[in-house]
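The shown structure was predicted, so the numbers you read here are calculated from the model rather than taken from an experiment.
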Amino acid sequence: MQSVLDHLNANREQAVEQLKALLRIPTVSADSRFKDDVRRGAEFVRDALAAAGLKAELCPTPGNAIVYAEWLGAGSSAPTVLIYGHYDVQPPDPLDKWTTPAFEPTVRDGAIYARGATDDKGQVWTHVLSVAAWLKAAGKLPVNVKFVIEGEEEVGSRNLDDFLATNKGKLKCDIVVVSDTSQYGPGMPAITYGLRGILACEVTLTGPNRDLHSGVFGGSVWNPINALCRLIGKLHDDEGRITVPGFYDDVSPLTDAERQQFRALPFDEHKYQQKLGVDAVHGEAGFSTLERRWARPTCDVNGIYGGYTGEGPKTIVPSTATAKITCRLVPNQNPDKLTQALESFLQANTPAGTKLKFMAHHGGWPTVADLNSPFIAAARRAIEQAFGTAPVMIREGGSIPVVATFKLILGVDTLLLGWGQDTDNLHSPDEHFSLADFHKGTLASAVLWKELAK
């Protein structure tokens with residue numbers, strides 16, 4: 001083990017240069033103009049894994065290729081770890097907001113700046129480096145490893161589910177490791193043990209068959225914007241609870257131990273308000289801000305539009321109005337069941353004289369891991385050794401659908417070990433990744449393989 005750590009410490013500069021080479025490739029999956037670059041990115045990852053000593057290949061899909069690699073030399077008695085990540089990145093726009101170009105990685109103030117630095121090239125690269133170090137310095141790993149690194153995460157992982165289902169036997173493992181989340185804060189590494197799920201939909205209310213003169217017709221028919229606002233207002237009561245019948249029926253409540261754990265985390269609500277530019281927090285009564293963000297369900301209108309929105313007045317009763325709605329779900333809530341419940345509620349409360357069209361979009365299941373899992377215990381030990389402090393246990397309010405997919409298709413849990421910070425400007429200009437966190441994450445990854453072997 002010490003020889004592995006010595007190898008990583010001695011090759012830090014080379015590790016950064018290798019990461020820079022990957023970051024220079026503009027693997028923007030959302031823009032077809034970057035198709036050849038996305039392919040180059042996949043080939044770069046495959047070649048690096050092959051050079052490290054793994055059997056590596058590009059697996060074609062109807063979209064971007066998935067990189068698969070494996071090293072199974074630890075034998076059947078050792079655990080098998082599947083490492084997941086993605087090599088595609090968000091578009092860099094707006095380009096004029098970057099201090100240095102998005103695909104010219106630059107080190108300043110102890111961090112590397114580039115699109116994909118923390119989401120997710122830098123984080124997944126820690127695992128590539130640690131596996132390579134074990135094979136170089138020790139000649140073998142204490143666990144079997146498999147890599148699945150895809151190129152469509154930023155556009156919905158549209159071909160990943162089929163790949164996992166088709167290759168279920170090939171991908172058999174005991175645990176999945178994903179580093180695509182964040183630490184709780186500077187100097188506070190974290191293990192994310194719970195994620196919210198999601199349901200997304202779009203509703204359109206139609207009133208008159210055309211836009212009408214508000215002076216001639218106003219007051220005699222429903223204005224769809226007024227009606228839609230009234231309908232949206234019925235989604236919550238005065239205590240911030242969602243009023244859709246059955247919405248809370250399957251909610252898995254927080255345990256007293258979890259609530260105490262959240263209260264013990266350093267969290268300054270006043271600073272939180274200042275950061276967001278608000279003078280008060282708001283949410284479901286009876287729960288703290290962290291509990292609302294991480295472990296309680298929500299229902300939010302993400303956008304609303306209709307009628308005339310150009311410059312100056314236009315006196316009309318519009319024909320239609322549309323709202324986009326998402327609900328974040330907590331463990332045991334079923335996105336399909338609740339999508340139907342939400343539609344039924346909206347249809348039942350649609351004012352007479354208007355018609356509602358409901359369009360369901362994507363959904364994702366919530367997940368929560370067992371805090372007493374031996375895999376989590378191993379991750380705790382590895383992180384404490386590398387970072388010099390024990391990790392805190394947190395949940396995440398967002399959704400990572402692939403975690404639920406791994407559970408559904410492969411039947412295994414996922415360790416969410418984020419090395420970055422939520423202030424790293426993910427999806428924004430000047431995305432960056434602390435080099436100190438990059439190196440500590442690489443060390444934690446290397447120690448993790450030893451700890452998981454136990």
Side-chain angles (χ1 to χ4, degrees), residues 4 8 15 18-19 21-22 25 27 38-61 64-74 78-89 116 119-136 140-153 157 159-181 375 379 382 400 402-403 405-406 409-410 412-419 441-442 444-446 448-449 452-453:
V4 176
L8 288 172
Q18 194 178 31
L19 176 58
L22 176 59
I25 306 173
T27 52
V38 171
R39 178 75 180 190
R40 281 201 301 127
E43 292 170 348
F44 183 98
V45 174
R46 176 202 60 191
D47 293 347
L49 288 166
L54 288 81
K55 179 182 176 182
E57 61 180 313
L58 289 188
C59 301
T61 77
N64 300 329
I66 292 173
V67 181
Y68 176 76
E70 64 180 31
W71 184 88
L72 306 178
T80 297
V81 184
L82 175 64
I83 302 152
Y84 165 84
H86 61 95
Y87 63 84
D88 66 320
V89 299
D119 182 22
D120 178 43
K121 290 179 178 178
Q123 296 210 63
V124 76
W125 211 247
T126 64
H127 300 303
V128 176
L129 291 170
S130 75
V131 166
W134 269 98
L135 294 177
K136 178 71 174 178
K140 62 179 182 178
L141 282 149
V143 294
N144 300 302
V145 296
K146 300 176 180 180
F147 281 86
V148 171
I149 305 179
E150 65 157 322
E152 296 181 331
E153 195 274 347
S157 299
N159 291 296
L160 182 64
D161 287 11
D162 287 344
F163 174 81
L164 295 177
T166 301
N167 295 280
K168 183 177 178 179
K170 184 178 185 177
L171 300 175
K172 185 178 179 181
C173 60
D174 297 291
I175 191 71
V176 178
V177 171
V178 176
S179 291
D180 198 9
T181 50
F375 296 111
I400 305 179
V402 70
V403 175
T405 302
F406 284 133
I409 295 178
L410 302 182
V412 293
D413 290 326
T414 297
L415 286 174
L416 290 167
L417 312 177
W419 314 134
T442 304
S445 174
L448 179 65
W449 313 139
L452 286 175

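- Here the CD1-CG distance, from Ile25 to Asp88, works out to 13.0 Å after rounding to the nearest 0.5 Å.
- Counting all heavy atoms, side chain and backbone alike, Asn64 lies closest to Gly151 at ND2-O, 2.9 Å.
- Side-chain contact check for Val131 versus Trp71: every heavy-atom pair is 4.5 Å or farther apart.
- Proximity of Ile400 to Val178: side-chain heavy atoms (C-beta onward) are nowhere separated by under 4.5 Å.
- In this structure, Ala446 and Leu8 approach most closely via the heavy-atom pair CB-CD1, 3.7 Å.
- Contacts of Pro60 classified as side chain to side chain contact (heavy atoms under 4.5 Å, CB included), with partners at least two apart in sequence or in another chain: none.
- Between Leu164 atom CG and Ile66 atom CD1 the span is 7.0 Å, to the nearest 0.5 Å.
- Contact record, Leu22 with Gly41: CD1-O, 4.4 Å, taken as the closest heavy-atom pair.
- With contacts defined as side-chain heavy-atom distances shorter than 4.5 Å, the pair Phe406/Asp413 does not qualify.
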query: Yes or no on side-chain contact (heavy atoms from CB on, under 4.5 Å) for Leu82 and Leu410, after CA distance, side-chain angles and deciding distance?
result: CA-CA 11 Å; Leu82 175 64; Leu410 302 182; 3.8 Å; yes
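- Under the salt bridge (Lys or Arg N to Asp or Glu O under 4.0 Å) criterion, the residue pairs touching residues 43-60 are Arg39-Glu43, Glu57-Lys170, with sequence neighbours excluded.
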task: Carefully, step by step, assess Leu135 and Leu54 under the rule side-chain contact (heavy atoms from CB on, under 4.5 Å).
output: CA-CA 9 Å; Leu135 294 177; Leu54 288 81; 3.9 Å; yes
- prompt: Can you check side-chain contact (heavy atoms from CB on, under 4.5 Å) on Val148 and Leu160, steps first, answer last?
  reply: CA-CA 10 Å; Val148 171; Leu160 182 64; 4.2 Å; yes
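- Closest of all the heavy-atom pairs between Ser179 and Trp419 is OG-NE1, 3.5 Å.
- Residues forming a side chain to side chain contact (heavy atoms under 4.5 Å, CB included) with Ala382 (at least two apart in sequence, or on another chain): Val447, Leu448, Glu451.
- Panel note: side chain Thr405, backbone Asp161; no donor-acceptor pair is recorded below 3.5 Å.
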task: Determine, step by step, whether Val402 and Glu153 satisfy the side-chain contact (heavy atoms from CB on, under 4.5 Å) criterion, reporting the C-alpha distance in whole Å, the side-chain angles of both residues, the deciding distance to 0.1 Å, and the verdict.
output: CA-CA 9 Å; Val402 70; Glu153 195 274 347; over 6 Å; no
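- Qualifying salt bridge (charged side-chain N to carboxylate O under 4.0 Å, His left out) partners for Glu152, counting only residues two or more places apart in sequence or in other chains: Arg158.
- In this structure, Phe147 has no ring pair (Phe, Tyr, Trp, His ring centres under 6.0 Å) partners at least two apart in sequence or on a different chain.
- Applying the ring pair (Phe, Tyr, Trp, His ring centres under 6.0 Å) test to Phe375 and every residue at least two apart in sequence or in another chain returns nothing.
- With sequence neighbours left out, Thr80 forms a side chain to side chain contact (heavy atoms under 4.5 Å, CB included) with Asn144, Lys146, Cys173, Asp174.
- Within the 4.5 Å cutoff, side-chain heavy atoms of Asp119 are placed close to those of Asp180.
- Closest of all the heavy-atom pairs between Ala50 and Ala56 is N-CB, 4.0 Å.
- Judged by distance alone, the side chain of Gln123 and the main-chain N or O of Thr181 form a donor-acceptor pair under 3.5 Å.
- Side chain of Ser130 to main chain of His127: a donor-acceptor pair is present (N/O by atom type, distance under 3.5 Å, no hydrogens or angles).
- When all heavy atoms are compared, the tightest approach of Cys59 to Tyr68 is SG-CB, 3.8 Å.
- Here the side chain of Trp134 pairs no donor or acceptor atom with the backbone of Val4 at under 3.5 angstrom.
- Taking the side chain to side chain donor-acceptor pair (under 3.5 Å) definition, one finds that Ser157 meets it with Glu150, sequence neighbours left out.
- Here Thr414 pairs with nothing under the side chain to side chain donor-acceptor pair (under 3.5 Å) rule; sequence neighbours left out.
- Remark: Phe44 pairs with Trp125 by the ring pair (Phe, Tyr, Trp, His ring centres under 6.0 Å) rule, at least two apart or across chains.
- With sequence neighbours excluded, the residues forming a side chain to side chain contact (heavy atoms under 4.5 Å, CB included) with Val81 are Ile83, Val143, Ile175, Val177, Trp449, Leu452, listed by chain and number.
- Thr442 pairs by the side chain to side chain donor-acceptor pair (under 3.5 Å) definition with nothing, not counting sequence neighbours.
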